Number of protein chains: 2
Amino acid sequence: MAASKKEEFKTEDIWLADIAKALSHPARIRILKILTEMNVCMCGDIVELLPLSQSTVSQHLKELKRVDLIQGDIDGPKVCYCVNNKTLLKAKKELDKLFNQVCAC
Amino acid sequence: MAASKKEEFKTEDIWLADIAKALSHPARIRILKILTEMNVCMCGDIVELLPLSQSTVSQHLKELKRVDLIQGDIDGPKVCYCVNNKTLLKAKKELDKLFNQVCAC
DNA sequence: TTCTCTCATCGTATATTTACGATGAACGAT
DNA sequence: ATCGTTCATCGTAAATATACGATGAGAGAA
C-alpha cells in the first residue's frame, strides 16, 4: 500500500477494527476457546492441538496479547496463558453496540 | 508465508474469522454505520465521507460484499448499497456464542 | 555446572492487504 | 451518436500477515 490511513478514523472504530483483526484467523479463535476449556494453558499444550509450529503459535499468541485479549503469566520456564475477561467483556459490549446500530434486529 | 493453513480449522471458526477479517479495518466499520444511517447509499456518497479514494472505497465495499455483510443493487449507472440483515444477524449470533463460550460474563 | 524443557524472537520466504491513479464498462441524458 | 456520471477493475507499489526452522534466553533438575 501507500501509507496506512487507519489512524484517520475515530478511536472507537479503530479499536473495534483492531479487536476484529485479532479475531481474523481461525487459529486465534481456536486458541481463545482452548484457553477457556483448559485449566493449564501452556504454549506447548496449544501447539499440540493446532496444525501449526511452535513459532507460529507463539506469533498468534503475541497478536492476541497485543490487543490484550489474553495474558501470559510466567511460571518458571513455562508461561501460563489465560483469557483476559476485562477486554473480552469490553469487546463483547462494543460489538453488541455496533450490531445494534447497524442491524435491524 | 508458506501456504496458508486456515482451511485446516473447523468451518465454524473459519467463518467467524472471515467475518472478523471483513470488520478488521476502521473504514469498513465506518461504511457499515454509514449504510445504516443513510437511506440513499451510493458509493460516491461514501467516498465523500471517508479520507480514501474512490477505488480504495470500492475495494473495501468488495471485501464487505465477499462475506455477504452488504449487498449492492444496480440502479442505472449507480449502485445502491445496503447492509445485509440476514448475515449481520448470523454474525451477531455467532459472535455472541463465541463470547459466551470464552468469556466469564 | 550442565542438561533439559519451555518459549520468544530472528531471519526468511511468500501471500495478502491497503492504497492510488488510470482505464474502461454501463447507463441516462443531450 | 456523444457526453457526463458512476463505479469496478487493472496495474502497481509498499506494508503487513502467515508460516517455518534455527537460535537463544531463562528456569529448574541432575
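Naming convention: chains lettered A, B, ... in sequence-line order (proteins, then strands); numbering from 1 in each chain. The model shown is predicted, which means the values in this text are computed figures rather than measured ones.
- Where B:Gly76 and A:Cys43 each meet DNA chain C at their nearest nucleotide, the meeting point lying more 5' is that of A:Cys43.
- Between the side chain of A:Ser58 and the backbone N or O of A:Ser55 there is no donor-acceptor pair closer than 3.5 Å.
- Rounded to whole Å, atom C1' of C:dT17 lies 8 Å from atom NZ of A:Lys6.
- In this structure, the side chain to side chain contact (heavy atoms under 4.5 Å, CB included) partners of A:Thr56, at least two apart in sequence or on a different chain, are A:Leu52, A:Ser53, A:His60.
- Along DNA chain D, the nucleotide nearest to A:Arg28 and the one nearest to B:Lys65 differ in position, and the one closer to the 5' end is contacted by B:Lys65.
- Residues from residues 55-64 of chain B with heavy atoms under 4.0 angstrom of DNA chain D, sorted by number: B:Ser55, B:Ser58, B:Lys62.
- Whole-Å rounding puts the B:Asp73 CG to C:dA26 P distance at 18 Å.
- The shortest distance between the side-chain N/O atoms of B:Lys5 and the OP1/OP2 oxygens of D:dC20 is below 4.0 Å.
- Nucleic acid contact for B:Leu52: sugar-phosphate only, since backbone atoms but no base atoms lie under 4.0 Å from a heavy atom of the residue.
- In this structure, the side chain to side chain contact (heavy atoms under 4.5 Å, CB included) partners of A:Lys10, at least two apart in sequence or on a different chain, are A:Asp13, B:Arg30.
- Minimum interatomic distance between A:Phe9 and B:Leu50 (heavy atoms only, all atoms of both residues): CE2-CD2, 3.8 Å.
- Scanning for salt bridge (Lys or Arg N to Asp or Glu O under 4.0 Å) contacts around B:Glu12 gives A:Lys33, B:Lys97, with sequence neighbours left out.
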Residue pair B:Ile46, B:Leu35: steps toward the side-chain contact (heavy atoms from CB on, under 4.5 Å) verdict:
CA-CA 8 Å; B:Ile46 299 167; B:Leu35 290 186; 3.8 Å; yes

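- Minimum atom distance to the side chain of B:Pro77 is reached by D:dT5, of the listed C:dA22, C:dC20, D:dT5.
- One atom, CD of A:Glu7, and another, P of C:dA19, lie 11 Å apart when rounded to the nearest Å.
- Remark: A:Lys90 pairs with A:Trp15, A:Glu94 by the side chain to side chain contact (heavy atoms under 4.5 Å, CB included) rule, at least two apart or across chains.
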Name each donor-acceptor pair under 3.5 Å that joins a side chain in residues 64-72 of chain B to protein atoms two or more places apart or in another chain, with its distance.
residue, atom, partner, partner atom, Å
B:Arg66, NE, B:Glu63, OE1, 3.0
B:Arg66, NH1, B:Asp18, OD1, 3.4
B:Arg66, NH1, B:Asp18, OD2, 3.0
B:Arg66, NH2, B:Asp18, OD1, 3.3
B:Arg66, NH2, B:Glu63, OE2, 2.9
B:Asp68, OD2, B:Asn84, ND2, 3.4
B:Asp68, OD2, B:Thr87, OG1, 3.4

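- Rounded to whole Å, atom P of C:dA19 lies 15 Å from atom CD1 of B:Ile46.
- The distance between atom CD1 of B:Ile74 and atom P of C:dA26, rounded to the nearest whole Å, is 10 Å.
- One atom, CD of B:Glu48, and another, C1' of D:dC7, lie 14 Å apart when rounded to the nearest Å.
- Rounded to a whole Å, the CE atom of A:Met42 is 16 Å from the P atom of D:dA27.
- Separating the CG atom of A:Asp75 from the P atom of C:dC5 is a distance of 17 Å, rounded to the nearest angstrom.
- For the segment residues 15-27 of chain A, the set of residues with a heavy atom within less than 4.0 Å of an atom of DNA chain C is empty.
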Between A:Cys82 and A:Asp73, is a side-chain contact (heavy atoms from CB on, under 4.5 Å) present by the stated rule, with each step listed? CA-CA 8 Å; A:Cys82 56; A:Asp73 301 311; 4.2 Å; yes

